[in-house]
**Q** 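Can you keep this structure in mind? I'll have questions shortly.
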Amino acid sequence: MAHQGVSTDNSNVEPVTQRPVASLTRLQRRLLLAAAAVSSSCGLAVELLLGTLASYLVGNQALSFGVAVGGFLAAMGIGSYLSQFIASKSPPWLQQRQLLVAFLQVELLMAPLTALLPLALFALFVVNGFLWLGLFLVTILLGILAGLEVPLLTRVLELEEGVREALAGVLALDYVGALLGSLLFPVLLLPLIGLFPAAFVLGALPAFMVFAIGQQFPRLRRWGYLGLSLGVILTLSAPVAIPISNRLENTLYQAPVITRIQSPYQRIVLTRRGQDLRLFLDGDLQLSTLDEYRYHEALVHPAMSASQNRRRVLVMGAGDGMALREVLKWQDVEQVVLIELDAEVVKLAQSHPQLVRLNEGALTDPRVEVINADAFVTAPALNDTFDVIIADFPDPDREVLAKLYAEGFYQRLLPRLAENGVFVTQASSPFFAPDVLSCIVATLSDVGLSTHPYVVDVPSFGPWGFVLASRQSIQADRLTLSVSTRYLTEPILHHLFELPGDVQLGNVEVNRLSHPVIVRYQSDPRWTAY
């Protein structure tokens, strides 16, 4: 018997599984699309950061970025696959909240990991740990989390809009974010605040995005406040990363670090112990004040002696001013053009008292014109011809540097060399990388120049190679030295091109832009004994 006043008709009660999906406001939808852009931007910036860090630590740029970017993208694929199992059996109205919560959790996990894992990799390198394994694991972990982001956001939007509209919106903002991230890290973060503070800033961005989403979705507000707290902590902690990384970096050098500069191109470090000031670029020793004169005298004076005229000189690289100092000793020099890619190196050499004293103020000499540009592009485009061209580039251990030793570059540079002019380039260590010297000789010979390799002992580097080249053969016994030097003498000049018995010019390929074999030659296993 039915009770009076109590209805037993349940026809108007909506089943739980048929509740409608909560409609997104226009602001909420735009916020989720913005989150896709921020996630993509941070993800790409993190890839570049990890590749830059590994390249700085181990020097192999191609492999470093290959592991960082390739591993990250592969891991994103894993993350995308795993995203299908999140909230897969829930009714649509519940899926929306579950997917949003999952996205916020991913962002909150990405934030501290992005900030701290690069520092952890640096510490792993300092203690001689397995850096490549560490880099691989870091890229896999961050890549999987990044791979979850876009699918989760797409599924939230498609509950209301459909798959086509959701994918179009999310992917459009995802690609825009990738562009912003590819510019944000190298153009702003790296040169302005440095590698490790940049990691903290990149970690803070997704945390602040969580806060913004929490403000627009009332049921997610507590997650938003957690994101705000984490974002503030990471932002305030960014400056702390500097002394921590500095202390770790100090252990990489045998003397106290007195200057650190992160330029858009490289890490510049000065160390000093007693009278020995040393300049490092990306961890590689460039000069020691105890013996740099040996290197720079050997680089400059054989070419200056061999040239019939020395009025115009082109110097490529050598932003520290030491090679300029030697060039300017020759009284008949009227004009010197220096092309140096990194303006920060030149600024340091112009302002650091000990460097200025060492280079004798050569960079401010009125005969010197400094051009901060890529010599590969700029030098062949100059209008003048030069009696002497000096190439003091870093060792060709990366493809981006190999082009400066390539047949294509030498061929384009040849019109800038006067008919009786002389070209000289440093040529790495003939002991640790013997095929590099041979490769440069073969490449210069391939463009029609007469080549004259020679080796000089520089205590900081060991035996070091150079290659002199000109259109005419050079008679070493006729060279004269009319300037004051500390190491080089005329008798040494006369026997300079007599190579040691253990330096043999081998059977090597020409280094070409399309096939930079010199990178392989520079990576000789002998370096492990250095």
Side-chain angles (χ1 to χ4, degrees), residues 14 16-43 45-46 76 79-80 82-117 141-161 166 169-170 173-174 177 199-241:
E14 185 177 31
V16 172
T17 56
Q18 295 181 8
R19 288 188 187 178
V21 175
S23 297
L24 298 175
T25 66
R26 180 177 297 180
L27 182 57
Q28 287 175 332
R29 182 180 184 279
R30 289 178 177 176
L31 189 59
L32 294 180
L33 292 175
V38 171
S39 299
S40 177
S41 181
C42 291
V46 168
M76 285 183 67
S80 297
L82 294 177
S83 68
Q84 66 180 309
F85 301 107
I86 298 175
S88 59
K89 297 182 179 180
S90 301
W93 66 269
L94 185 57
Q95 275 189 26
Q96 186 184 72
R97 185 171 185 275
Q98 289 178 334
L99 291 171
L100 281 172
V101 168
F103 175 77
L104 299 187
Q105 290 172 337
V106 168
E107 299 301 279
L108 291 174
L109 188 55
M110 281 282 289
L113 291 178
T114 297
L116 297 174
L117 287 179
L141 177 58
L142 294 179
I144 288 175
L145 292 174
L148 291 167
E149 294 170 326
V150 168
L152 290 176
L153 287 175
T154 303
R155 287 176 61 191
V156 170
L157 292 171
E158 75 178 24
L159 288 172
E160 181 180 336
E161 301 177 348
V170 172
L173 271 295
D174 179 63
F200 277 77
V201 170
L202 290 174
L205 289 177
F208 284 128
M209 202 70 235
V210 171
F211 171 68
I213 292 174
Q215 292 300 103
Q216 293 302 318
F217 291 84
R219 292 187 177 183
L220 305 177
R221 193 154 293 171
R222 65 185 182 91
W223 293 103
Y225 291 134
L226 182 58
L228 176 62
S229 301
L230 184 56
V232 170
I233 291 172
L234 293 177
T235 302
L236 296 178
S237 299
V240 180

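Bear in mind the structure is a predicted one, so any value in this text is a computation, not a measurement. Only this structure's heavy atoms are used, side chains among them; waters, hydrogens and symmetry mates stay out.
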**Q** If you round to the nearest 0.5 Å, how far is CD of Gln96 from CD of Glu158?
**A**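 Between Glu158 CD and Gln96 CD, I get 12.0 Å after rounding to 0.5 Å.
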**Q** Are any non-hydrogen side-chain atoms of Leu228 and Phe208 less than 4.5 angstrom apart?
**A**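 Side-chain contact under 4.5 Å: yes.
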**Q** Looking only at heavy atoms, what is the nearest atom pair of Ala115 and Phe200, with distance?
**A**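 In terms of heavy atoms, the two residues are closest at O-CE1, 3.5 Å.
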**Q** When you measure from the side chain of Ser40 to the backbone of Ala36, do you find a donor-acceptor pair of N or O atoms at a distance under 3.5 Å?
**A**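 Looks like no, no N/O pair under 3.5 Å.
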**Q** To the nearest 0.5 Å, tell me how far Met209 CE sits from Leu104 CG.
**A**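 Separation between the atoms: 10.0 Å.
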**Q** Nearest 0.5 angstrom please: Arg219 CZ to Leu100 CG, how far?
**A**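 One finds 11.5 Å between CZ of Arg219 and CG of Leu100.
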**Q** Write down the atom of Leu109, the atom of Leu113, and the distance for their closest heavy-atom approach.
**A**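 Of all heavy-atom pairs spanning Leu109 and Leu113, the closest is O-CG, 3.3 Å.
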**Q** Once you round to the nearest 0.5 Å, how far does CG of Leu141 lie from CE of Met110?
**A**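 It is 8.5 Å, given to the nearest 0.5 Å.
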**Q** To the nearest 0.5 Å, how far apart are CG in Leu148 and CD1 in Ile86?
**A**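 Reported to 0.5 Å precision, the distance equals 5.0 Å.
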**Q** Out of the candidates Val156, Ile213, Val150, only one should pair with Phe103 under the side chain to side chain contact (heavy atoms under 4.5 Å, CB included) rule; please name it.
**A**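 Going through the options one by one, the only one that passes is Ile213.
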**Q** Which pair of heavy atoms, one from Ala111 and one from Leu230, lies closest together, and at what distance?
**A**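 It is CB-CD2, 3.7 Å.
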**Q** Check whether any side-chain heavy atom of Leu33 sits under 4.5 Å from a side-chain heavy atom of Val170, and report yes or no.
**A**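 In short, these two side chains touch, coming nearer than 4.5 Å.
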**Q** Under the 3.5 angstrom rule, does the side chain of Ser80 hit a backbone N or O of Gly147 as a donor-acceptor pair?
**A**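 Indeed, once roles are kept as given, a pair shorter than 3.5 Å links the two residues.
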**Q** Work out which heavy atom in Leu108 is nearest to a heavy atom in Gly227; give both atom names and the distance.
**A**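 Looking at all heavy atoms of both residues, the closest pair is CD2-CA, 3.6 Å.
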**Q** Could you grab the distance from atom CG of Leu32 to atom CD of Gln28, nearest 0.5 Å is fine?
**A**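 The CD atom of Gln28 is 7.5 Å from CG of Leu32, to the nearest 0.5 Å.
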**Q** Determine whether a donor-acceptor pair (N or O, by modelled atom type, separation under 3.5 Å) exists between the side chain of Ser41 and the backbone of Ala37.
**A**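 Checking the backbone N and O of Ala37 against the side chain of Ser41, no donor-acceptor pair under 3.5 Å is found.
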**Q** Could you tell me whether Arg221 atom CZ has more than 12 heavy atoms of other residues or ligands within 6.0 Å of it?
**A**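 For Arg221, atom CZ is crowded (more than 12 foreign heavy atoms under 6.0 Å).
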**Q** Show the nearest heavy-atom pair for residues Leu31 and Ala212, with the distance to one decimal.
**A**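 Scanning both residues completely, I find the closest heavy atoms to be CD2-O, 3.3 Å.
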**Q** Are side-chain heavy atoms of Leu226 and Val210 found at a separation under 4.5 Å?
**A**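 Side-chain contact under 4.5 Å: no.
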**Q** Quick check: closest heavy atoms across Ala204 and Leu234, and the distance to 0.1 Å?
**A**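 Where Ala204 meets Leu234 most closely, the heavy atoms are N-CD1, 3.8 Å.
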**Q** Suppose we screen for side-chain hydrogen bond (donor to acceptor under 3.5 Å, both in side chains). Which residues come up paired with Glu107, at least two apart in sequence or across chains?
**A**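 Once residues adjacent in sequence are excluded, the partners of Glu107 under the side-chain hydrogen bond (donor to acceptor under 3.5 Å, both in side chains) criterion are Ser39.
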